[in-house]
Enquirer: 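Right, I'll just put the structure down here and ask away after.
Chain letters run A, B, ... following the sequence lines, proteins first and then strands; every chain starts at 1. Since this is a predicted model, take the numbers as computed values, not measurements.
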Number of protein chains: 2
Amino acid sequence: MTRKATIGDVAKRAKVSPTAVSRWLNGGLELPETTGERIRTAVRELDYQPHAQARRLSKGKAEAIGIVVPDISNAFFALLAGEAERVAVASGHDVMIWSSRNRIERELACFDRLRAGYIDGLLLITNHEDDGRLAERIRSMPGRVVIIDEDVVGGDSAPRFFVENETGGYEATKHLLAHGHRRIAHIGGPKGVMSAIERAQGWRRAMTEAGITPDPAWHIRTEYEVEPATRDAEQLFALDPLPTAIFAGSDAVALGVMTTARRKGVSIPHDISLVGFDGMPINDLFGPPLTSIAQPIDDLGRLGALRLIAMINGEKFDGTPTRLPVQLVARGSVAAPLKNKVSG
Amino acid sequence: MTRKATIGDVAKRAKVSPTAVSRWLNGGLELPETTGERIRTAVRELDYQPHAQARRLSKGKAEAIGIVVPDISNAFFALLAGEAERVAVASGHDVMIWSSRNRIERELACFDRLRAGYIDGLLLITNHEDDGRLAERIRSMPGRVVIIDEDVVGGDSAPRFFVENETGGYEATKHLLAHGHRRIAHIGGPKGVMSAIERAQGWRRAMTEAGITPDPAWHIRTEYEVEPATRDAEQLFALDPLPTAIFAGSDAVALGVMTTARRKGVSIPHDISLVGFDGMPINDLFGPPLTSIAQPIDDLGRLGALRLIAMINGEKFDGTPTRLPVQLVARGSVAAPLKNKVSG
DNA sequence: ACGCTTTACTAAAGCGCTTTACAAAGAGCT
DNA sequence: AGCTCTTTGTAAAGCGCTTTAGTAAAGCGT
């Protein structure tokens, strides 16, 4: 294999110095047309391409950002990361997407990459309670981190973008109440996770306003993933009397509920109504189509990436969180409860 | 912001040369415990972390690979990339995942990154017909590229991993035939795409063996995405008589068919049976659960990544394609055709 | 006391690029 | 003619690391 052409090879062939080639290519030097043409020809003939590593070392910038998500094969995160990537690429940054699989070590590894100059900034999407290490890393890298979707306690030095979780939980529950439900259970995200806390608060507030004191057994916690939710939903189906409706803390959780319902021979929405949270486009295709609180996933990804890039370019921001609105999308998984169906 | 510690700072504090620090850290130098301890302390106190760009420039390796997929927010590719990533990370490589959005320019950009030394190898997952440029790049980077899932004509210098597309199409069609269907339509992937061609061949072979000559109108092509498939499926629902079954070239296409069926008031599987291709785990949750030809997605990603890393480490391979088996997963989207239901 | 081996390191070059500082040659002005 | 200004470049340093080649000192056998 022939050695790759370097800037020196180009310079030699164009009969100028490497300096001239570099500066001319990067727009820092005006040269007469004949000289420019010689360089252009040399570049073409040698198929020259600057060595990324060298250029980055020299410039002191990686021209790249990283995106950590809990799991890239989860459609929600894939959508989020996809949108963020689009924005970053458009501004000339390379993008690395990493799955943390909810292992904090893998998240910390991304901070190491940041410190190592491998990326200029990090878009952090995390899903689990922090033990303090994440918060510490965030503080130690000011202007380099943007947090999306889920808070990190103590990470408030970084810009953060969330949705109106409490409102979402409230609206979901109101929707079920409006259909006549009273025994509304909530299966939400794990302990210590902001979105789970806020969505549960919204649920509780709507219930209280309706004059209902939720039975503690109606509130259970699970992971935001299909598998664990499928398992943990069992508890709900063991209750007597059964809840007539379930507000699931995410669409993945709702899918878990659907799976368990199917296995138990419980029909949705005939026997139990179900509302999810996320508003994934695919919800439309489930049996039944899933009513859900839609998050502005694109905006979340886009705004986060834009903010990160602005910071990399030197703009200053504080950690005031931005809250984006959510919206109920009614589909087919909610009906009136059985007992009320006729009597109203 | 205080400057980041360099290897020189560590050396000074430990009262040794940078050489010693580098070699000791990288395991190339035995040192007495006291010296080692001094270095260890210095590293800790300065919170030293080698500069990735510099190390990579120096070593002439990026210790990273890239994965291009058509669209990371497509669950199939997300699964594929996720598995490949896991393998690569386990072997100490950084992973960059890029979405090409089926733009060949974006795929070529990934080859540029390869040439620029930004990554050591590329896992290529492409979805559309090549105009020759892809094949040329693949040839020009021997031992650096592995192709997965979909062939590139002329890219046969690189290792390739595909599934048994023809068999899959055959099995899907046989399954429908076994349920008594005769008017079996096929809505498959785009022209010039290997998997689409092979799956269609399987369909055609099963039909022919059953003594049926497929009406040309029964075979239509679309993109492997939900949106276009939703649109293009219209043609199938405009036929008279309607097909009694549809073999969709991918699960995304099947989803599109389901969407259109729903809109047209056509019930699956009551009025029309449906078989997809991919075997996405989520198929279980659709209404109805989707019968599909399952691909070994994990294996595809894993084997591809392993092969790529082996090549980076100097092993030689030729372009003999590896074919992985597929398997029919029967769920609820296939029933006997209406007219045959009673008469058998 | 001599050479040989081992231990414990180091100096310097080099990876390929960018950037700062500077210079030669000509043009224009007084 | 002498001066400044512009044009057209170049030399050299430096980014932070690895690696090659080597060396001073200590230990060892005879």
Enquirer: Between C/dG14 atom P and A/H51 atom NE2, what is the distance in whole Å?
Expert: 17 Å
Enquirer: From CH2 of A/W24 over to C1' of C/dT19, roughly how many Å is that when rounded to an integer?
Expert: 19 Å
Enquirer: Do A/D71 and A/R101 make a side-chain contact, defined as non-hydrogen atoms from C-beta onward lying under 4.5 Å apart?
Expert: yes
Enquirer: Report all interatomic pairs (protein N or O, nucleotide N or O of nucleotides 21-26 of chain C) with separations under 3.5 Å.
Expert:
{"from": "C/dA21", "atom 1": "N6", "to": "A/R23", "atom 2": "NH1", "distance (Å)": "3.4"}

Enquirer: Start at the 5' end of DNA chain C and walk down; is the nucleotide closest to B/S17 or to A/Y48 reached first?
Expert: B/S17
Enquirer: Between A/V10, A/T6, A/N26, which is the residue that forms a side chain to side chain contact (heavy atoms under 4.5 Å, CB included) with A/V21?
Expert: A/V10
Enquirer: What is the distance from CD of B/E33 to C1' of C/dT7, rounded to the nearest Å?
Expert: 16 Å
Enquirer: Using the salt bridge (charged side-chain N to carboxylate O under 4.0 Å, His left out) criterion, which residues pair with B/R86? Sequence neighbours excluded.
Expert: B/E83
Enquirer: Starting the side chain at C-beta, find the nucleotide from D/dT10, C/dT18, C/dC15 nearest to A/I7.
Expert: C/dT18
Enquirer: Among B/T35, B/V43, B/L31, find the residue that satisfies the side chain to side chain contact (heavy atoms under 4.5 Å, CB included) test when tested with B/W24.
Expert: B/L31
Enquirer: Of the nucleotides C/dT19, C/dC9, D/dG16, which has the atom closest to the B/A54 side chain?
Expert: D/dG16
Enquirer: Holding to side chain to side chain contact (heavy atoms under 4.5 Å, CB included), I want the full list of residues that pass it with A/R23, two or more places apart in sequence or in another chain.
Expert: A/T19, A/L29
Enquirer: Whole angstrom is fine here: how far is it from CG in B/L57 over to P in C/dG14?
Expert: 14 Å
Enquirer: Rounded to whole angstrom units, what separation is found between the NZ atom of B/K61 and the C1' atom of C/dG16?
Expert: 19 Å
Enquirer: For residues 299-306 of chain B, run the donor-acceptor check on the side chains, cut-off 3.5 Å, and write out each pair with its distance to 0.1 Å, sequence neighbours left out.
Expert:
{"from": "B/D299", "atom 1": "OD1", "to": "B/R302", "atom 2": "NH2", "distance (Å)": "2.7"}

Enquirer: What is the distance, rounded to the nearest whole Å, between atom NZ of B/K59 and atom P of D/dC17?
Expert: 13 Å
Enquirer: State which residue, out of A/E150, A/E223, A/E107, fulfils the side-chain hydrogen bond (donor to acceptor under 3.5 Å, both in side chains) condition with A/H128.
Expert: A/E107
Enquirer: Within the supplied structure, the quantity of interest is the number of heavy atoms (other residues, nucleotides, ligands) at a distance under 6.0 Å from B/E30 CD; does it exceed 12?
Expert: no
Enquirer: Would you tabulate the pairs of protein nitrogen or oxygen atoms and nucleotide nitrogen or oxygen atoms of nucleotides 4-8 of chain D closer than 3.5 angstrom?
Expert:
none

Enquirer: Could you tell me whether the phosphate oxygens of D/dG16, OP1 or OP2, come under 4.0 Å of any side-chain nitrogen or oxygen in B/R55?
Expert: no
Enquirer: Can you list every salt bridge (charged side-chain N to carboxylate O under 4.0 Å, His left out) pair that touches residues 90-99 of chain A, not counting sequence neighbours?
Expert: A/R56-A/D94, A/D94-B/R113
Enquirer: Between atom NZ in B/K12 and atom P in D/dG16, what is the gap in whole Å?
Expert: 12 Å
Enquirer: Rounded off to whole Å, could you give me the CG-to-P distance for the A/L46 and C/dC17 pair?
Expert: 12 Å
Enquirer: Would you say A/Y118 reaches D/dG16's phosphate, i.e. side-chain N/O to OP1/OP2 under 4.0 Å?
Expert: no
Enquirer: Which nucleotide wins on minimum distance to the side chain of B/S58, given the candidates C/dC17, D/dC17, C/dT18?
Expert: D/dC17
